[in-house]
Number of protein chains: 2
Amino acid sequence: MPDESGVIIPSLSASQYATVYNLFSLVIASMLFTAIFLLLSRGRVAPRYRNALVVSAMVCGIAAYHYFRIFENFKESYPPGDSVTAAHLLSSIEFNEAYRYVDWLLTVPLLLVETVAVMALVRSEQRSLLVKLVPASALMILLGYPGEIADTSGARLLWGGLSTIPFLYLLYVLFVELSRSLDRQPVEVRHTIKMLRISLVGLWGVYPIVYLFPVIGGDFFGGASGFVLRQGGYSIADILAKAAYGLAIYKVARVKSGLEDAAYDDDHEAAPTHEGRLPVTG
Amino acid sequence: MPDESGVIIPSLSASQYATVYNLFSLVIASMLFTAIFLLLSRGRVAPRYRNALVVSAMVCGIAAYHYFRIFENFKESYPPGDSVTAAHLLSSIEFNEAYRYVDWLLTVPLLLVETVAVMALVRSEQRSLLVKLVPASALMILLGYPGEIADTSGARLLWGGLSTIPFLYLLYVLFVELSRSLDRQPVEVRHTIKMLRISLVGLWGVYPIVYLFPVIGGDFFGGASGFVLRQGGYSIADILAKAAYGLAIYKVARVKSGLEDAAYDDDHEAAPTHEGRLPVTG
């Protein structure tokens, strides 16, 4: 029997179904075209930043794949009723929350890779950060999943709590360890690092809030309404943390490329006499 | 019960169905191949205009994605009857108007981005325009949606009226604020800006007219006939405002590239002795 954490939702009203359905489609379009845009824009940043753009594009591409699966799965789990205004009853096909966790298991470590890549640290420092951040972020996702599919609030809180431990370690690495090396960085790199890690933590902070909706429960945060809020919350958080964040990474790479090499500074002020040639991209 | 605004259309005649079906397919072909053409033509414009072409291509690509969804959804909503001449009755799958609004939520701000990008303003001016235009355009779309799916003319007019407020603000920014900076622009940039913003407003003006068809109502603008007119109107407006407009952006970028750099001026008059080499793109 599901309790208030309400993982199994027996039916969705027509408008609840439509809301979730349309949000999933919005995520697919956002992720897919951000990925394509980032790949097409590689030539607009200096070679040392291109890997950050490619990794950002992979993150959005992986998310587009998973949301395509989630979208198809959702249609099968909640088929239409007898009329367009009828409720959508759960079929014999489970709505599979695991797609999100498989997605995050791949994309969350990659988001840290793209962040570190655009910081343009020296190689030894980059490696030392990634060997800490990547396993911790993977562990954070793995520990969250049993809580997401648990049918009691107790289990949800327990696994959520365990998942918070690697998250706190990530914060420690980003805000304490990384800060020690900030003084050795040029001024504008220092500024970028501070800006990116604040965005990362701010955006990632949305997920635990959404995760806790079923624990709050009630008519609004529980049951079918809570399901819509949770799917909507995760969807919008994913758009911000992956697509919008990927575009921010691109912007940082553009600005830094322009500062470091005049060929990438195609500011329109300089345009009529502009001599720089951007490398050709294919 | 739907009233005269007639959002839920219980049946379409065979010819009404065929008209909408063929228009949707026309939109898919137009958007998809305009997107591909724009991407393949990047190398024919100067590097500073390539981003405008990439963004135009994303707009057409996003629209192609949504029209593909709309097309599939339309087939499911109005399945064939007993014979090729039989009416198509609404199934239990709603015809989802939200696809258009999700599409517009993404593409309308991007249309402003591509317009500002091809204007080739100085960076500070560009940013100051976009921080006003992008949120206002997103708000305009969001406020229109509740009216589109409303089943009374009153609600359609109310939300339409609210959506007009950010639209008027867009007009103010484009025609008053932008005009103040026009004097600082080179002559041909000034001309481009005037031409593009007139086209934009002219093309966007089609949408509110189509939106109001159900309010006019009657046998022609209401019911199944009104549905066909509305879908047809939006489809043709989308082709003009996205694909045709994207090609206009390309044309502007070509002309400006040729004026600024002889390498891009591969006018056929100069062809037999032409020495300029365009950078190769793949």
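Protein chains get the first letters and strands the later ones, always in sequence-line order, with residue 1 at the start of each.
Residues B/L106 and A/L26 form a side-chain contact, since some pair of their non-hydrogen atoms from C-beta on lies under 4.5 Å apart.
Within residues 65-74 of chain B, the residues having any heavy atom under 4.5 Å from a heavy atom of chain A are, by residue number, B/Y65, B/H66, B/R69. Of all residues in residues 237-252 of chain A, those placing a non-hydrogen atom less than 4.5 angstrom from a non-hydrogen atom of chain B are A/Y250.
Residue contact with chain A, scored on non-hydrogen atoms closer than 4.5 Å, is absent for B/L259. When heavy atoms are compared at a cutoff of 4.5 Å, A/S83 approaches chain B solely by way of its backbone atoms N, CA, C and O. For a residue to count as touching a neighbouring chain, one of its non-hydrogen atoms must lie under 4.5 Å from one of that chain's; by this rule A/N22 touches chain B with backbone and side chain alike. At a 4.5 Å heavy-atom cutoff, the contact between B/S91 and chain A is made by backbone atoms alone.
Counting heavy atoms of neighbouring residues, nucleotides and ligands inside a 6.0 Å radius, atom CH2 of A/W204 exceeds 12 of them.
Between chain B and the residues A/S25, A/P79, A/P80, the largest count of heavy-atom pairs under 4.5 Å involves A/S25. When each of B/N96, B/V54, B/D103 is checked for heavy-atom pairs under 4.5 Å with chain A, B/N96 comes out on top.
Note that the CG atom of A/L40 and the CG atom of B/N51 stand 10.0 Å from one another [nearest 0.5 Å]. Rounding to the nearest 0.5 Å places CZ of B/R50 at 12.0 Å from OG of A/S41.
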### Query
Are A/V84 and B/F95 close enough, and set up right, to give a side-chain contact (heavy atoms from CB on, under 4.5 Å), and what steps lead you there?
CA-CA 9 Å; A/V84 293; B/F95 180 70; over 6 Å; no

